[in-house]
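Take a look at the structure below.
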Protein chains: 2
Amino acid sequence: MQSLRVSMAPRATARAVTCPSRRCFTAGMPLRAAQKPFYEGEPGGPVLKTKIPGPQSTKHIKELSEVFETRSLSLLADYTQSFGNYIADTDGNQLLDVYAQIASIPIGYNNPALAKAAATPEMIRALINRPALGNFPSHDWAEILKTGILKVAPKGLPHVFTALAGSDANELAYKAAFMHRRQQERGGYDVDFTAQELESVMNNQSPGSSQLSILSFKTSFHGRLFGSLSTTRSKPIHKLDIPAFDWPQATFPQLRYPLEQHAAENAKAEQASLDEVEHLIKTWHLPPAALIVEPIQSEGGDNHASPSFFRALRALTKKHNVLMIVDEVQTGVGATGKFWAHEHWGLDEDDAPDMVTFSKKAQTAGYYYRQPSLQPNRPYRQFNTWMGDPARALLFRAIVDEVARLDLVQNTARVGAYLYEQLEGLAGRYPDLFRNLRGKGQGTFIAFDSPKRDEFLARAKAEGINIGGSGTSAVRLRPMLILREMHVDILIDALDKVARAL
Amino acid sequence: MQSLRVSMAPRATARAVTCPSRRCFTAGMPLRAAQKPFYEGEPGGPVLKTKIPGPQSTKHIKELSEVFETRSLSLLADYTQSFGNYIADTDGNQLLDVYAQIASIPIGYNNPALAKAAATPEMIRALINRPALGNFPSHDWAEILKTGILKVAPKGLPHVFTALAGSDANELAYKAAFMHRRQQERGGYDVDFTAQELESVMNNQSPGSSQLSILSFKTSFHGRLFGSLSTTRSKPIHKLDIPAFDWPQATFPQLRYPLEQHAAENAKAEQASLDEVEHLIKTWHLPPAALIVEPIQSEGGDNHASPSFFRALRALTKKHNVLMIVDEVQTGVGATGKFWAHEHWGLDEDDAPDMVTFSKKAQTAGYYYRQPSLQPNRPYRQFNTWMGDPARALLFRAIVDEVARLDLVQNTARVGAYLYEQLEGLAGRYPDLFRNLRGKGQGTFIAFDSPKRDEFLARAKAEGINIGGSGTSAVRLRPMLILREMHVDILIDALDKVARAL
């Protein structure tokens, strides 16, 4: 176990003196070793006291497996000992976590600002007096929205409908799209339902139940409830045996890397995708009320497309009166070096997407929307008991405040550039193990393909790095917004070792 | 405003002396006025300082309407001033709340035991370090489950899969049912998928996407996401314009009241319903993998059926290899005078339902299940990022502890009997306004029909009582588990006034 020996001692401080590899000197980047983490409490580097899982973890996993699903377990965590960028287990191991609970921890474990927000009387009240927000909202709900969720609303989308998680956020957006489209077909926002609609809908038949669809892309992921799963096209294991709506899917551009060497070919792939989208909109037997797209397909393998592709997609949807929903569940809240990834597209406010869904790092969920007519024309059409969660909205507010105070979106843009450059160095040295490096200029939202991906991830864990995969062969980096250059150095060092050993 | 004068002063103590109506003396019930609430801080009775909404509330509602849905708003609440059974607004009004956030507040506003649980380091950690439970569960997750959610597992259902709300709990149960049924059809738990299945499912086509259904009942409510909404048959407004699966619905027995006067007729209605269920199971073009049923149809208008109906339904589902899912989202956690409403059916453990879903008063959600084979045969088939919420699981544990400490299920059974008796008295005096009184022996889960229902509810609010409706004409009582006889007296007094004025 070579990794044990090397990793037992904190390493970042040692590196300040030795700086053993060339990454310290590339491209004029200054030495970063003197940096401190944004928050105190982190170890100086990964700490590996046992192999993983160690004896304590093994005991706990056995106990847990009697009452909960553990076949997908990656690490049995000890959150009392996890701090900042590091996740701990009960055997005393501490791993640099660049997966961050499937991209959902924004500013580190046991963040002191969040701990403070979680201990306020306001939070306690929100937790223990959970309202049915549609019927009995609290007097300060408007203020909580305005100082949190709405403070970071994407440009051009001033409204929000709150939800509990990414999957239901997407489904609520779909429902808004269907109601909006049918109301147009009905002849206007105020036109009432027909007797035939009112009757047929109770039998799940048209015209009351609409014969419309949501258009999504191949290799996309939008959630796993029945409507969202019908748009998810990531892997069979996500979908097998579950009834699905007969909705259309278009091919997502499959870009070749490095981008600059395949410009013409990639432009052609993007145009083919746009043509297919237009064809499906025009011909699918259940007309799409909306199209949903991720700015970067995440679960599906970190598939990117160019800003010009997305701008053209926006134009297409407008041309054909199809609503555009941007699924920012994984890309949102700073990870790409913009607060929302679709800001990279450079759309005018007039061309902003119709809806943007969010969750994960926001710790709450919902969809932002553009036009007031996306609010259904009658109350109780878009409704459920809780309609969100004020406690989680308060937490998001505290996250938003910290992100602003520490300028963490800008930090992520800068650290991401450094990380990308270091990975380019590794790709130069180990071209077979770091293929199709992608995410340049996209903050730390970076991935590459590795032929023995699962072995790569296992070896990284043994080096004290927690990383996740996506798609069939992608290693995806999904660190927190508090990743600094010092953490990148540790990560690169470990990946270098993994590569050498493979 | 007659109500203002009467309601300004605490009334329960005054009643100890005067006891102006006959309810104090019926059926040998002792005088209850000396009772105290379970928790301190409640007013002695409703406090009405302004009409509702008052000037402060009106201002806040206007502000909120700019950023959130307020067309369904019933009361803009001030949770800093709400205690126990009473909900307050910002104008100083305090209403006896027998609706309780659509039946989802279990043990009162600002409950001190829950406030304590919400302020623990354990809760703070759970809030700010939210794990992806399927990948990185915390070392104490097994313990949290065993001392909370699983401690109150229904008889015969020792397993749980956790969720976020009632709607997704039902959908996850449906997914488990579909996977279970297809695995049977495939020839066993360990038989692998075919190449054709793996390919077709990515196009949302069979055989990979199953051609199966969930059988539900007319006038049922099971949630509003795409799968759950396909089983919901409550009202058109819940379903209009949303695509739905072509799944079957059976007629729920429409019992006539009083039950004892319509025994033969009601038995016939129940048999007809059972026959229809069996017919649909045998003939529907998409065979039902499961049937879902509420012990008492709640949103649909508080529709009851007899224990023998449910026992026969259970037998039918077993006979035809259809899984039985009992939706206890609204009925569960004590409200019917049993912890789970289906305990009233007297099923043997061998005949326990296959799955029981829960949420609302539990403040968390999920489905309990019976046989290990309901766990899908591969990891990642039933999976999502958060898979529940440890913070809310901790809250449910604190609720479970308080319910046990104060014997609140038994309290609800006893107070419910008293409440039912008092309502019978009102029904005797105002037969047109209190029709089809139902819920005898079902704790406080009581309802009646009133022809001018919405006016009835508005007048009750003006008397300081917050009540909800369901279905087209039902007034449904959904108080908390901490309702005592003293609160019943206040409620009955107010309803008497409402009835006299109508």
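Fair warning: this is a prediction, and the values are worked out from it, not measured in the lab. All chains are named by letter (A, B, ...) in the order of the sequence lines, taking the proteins before the strands, and each is independently numbered beginning at 1.
Annotation for A:H139 and B:D78: closest pair CE1-OD1, 3.4 Å, computed over non-hydrogen atoms. Taking both residues in full, the closest heavy atoms of B:P379 and A:R71 are given as CB-CB, 3.6 Å, listed atom of the first, atom of the second, then distance. Considering all non-hydrogen atoms of both residues, B:A118 and A:I128 come closest at CB-CG2, 3.9 Å. Considering all non-hydrogen atoms of both residues, B:V201 and A:K239 come closest at O-CE, 3.1 Å. Taking both residues in full, the closest heavy atoms of A:F226 and B:G227 are given as CB-N, 3.6 Å, listed atom of the first, atom of the second, then distance. Between A:E197 and B:L240, the closest heavy-atom pair is O-CD2, 3.9 Å.
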Evaluate side chain to side chain contact (heavy atoms under 4.5 Å, CB included) for A:Q382 paired with B:E69, printing each intermediate quantity in order. CA-CA 9 Å; A:Q382 190 79 295; B:E69 167 72 89; 5.7 Å; no

Test side-chain hydrogen bond (donor to acceptor under 3.5 Å, both in side chains) on A:D246 and B:Q205 and set out the steps. CA-CA 7 Å; A:D246 189 16; B:Q205 301 296 322; 2.9 Å; yes

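The part of A:W386 that comes within reach of chain B is its side chain, from C-beta onward, which places non-hydrogen atoms under 4.5 angstrom from that chain. At a 4.5 Å heavy-atom cutoff, the contact between A:L145 and chain B is made by side-chain atoms alone. A:I105 touches chain B through its side chain: at least one heavy atom from C-beta onward sits under 4.5 Å away, while N, CA, C and O do not. Contacts of A:I87 with chain B are made by side-chain atoms alone, with heavy-atom separations under 4.5 Å and no backbone atom involved. Only the side chain of A:R392 has a heavy atom closer than 4.5 Å to any heavy atom of chain B. Contact of A:L225 with chain B is made through backbone and side chain together, with heavy-atom distances under 4.5 Å. For A:Y109, the parts lying near chain B are the backbone and the side chain together; criterion is any non-hydrogen pair under 4.5 Å. Interface remark: A:T90 contributes side-chain atoms only to the contact with chain B (heavy atom separation under 4.5 Å). Both the backbone and the side chain of A:N203 come within contact range of chain B, with heavy atoms under 4.5 Å apart. Only the side chain of A:D389 comes within less than 4.5 Å of a heavy atom of chain B; its backbone N, CA, C and O stay farther away. Interface remark: A:L73 contributes backbone and side-chain atoms alike to the contact with chain B (heavy atom separation under 4.5 Å). Interface residue A:K360: backbone and side-chain heavy atoms are both found under 4.5 Å from chain B.
Between B:Y99 and A:F136, the ring-plane angle classifies as perpendicular under the 30° and 60° cut-offs. Between A:F68 and B:F161, the two ring planes are parallel [angle under 30°; tilted spans 30° to 60°].
Put simply, of A:K59, A:R186, A:M123, the one with the most heavy-atom pairs under 4.5 Å next to chain B is A:R186. Note on B:S228, B:P158, B:A132: by heavy-atom pairs under 4.5 Å with chain A, the leading option is B:A132. Note: A:I242 leads A:V67, A:I102, A:I242, A:L64 in heavy-atom pairs under 4.5 Å with chain B. For the options A:K235, A:E66, A:Q183, heavy-atom pairs under 4.5 Å to chain B are most numerous at A:K235. The most heavy-atom pairs under 4.5 Å with chain B, out of A:N110, A:T70, A:T232, come from A:N110.
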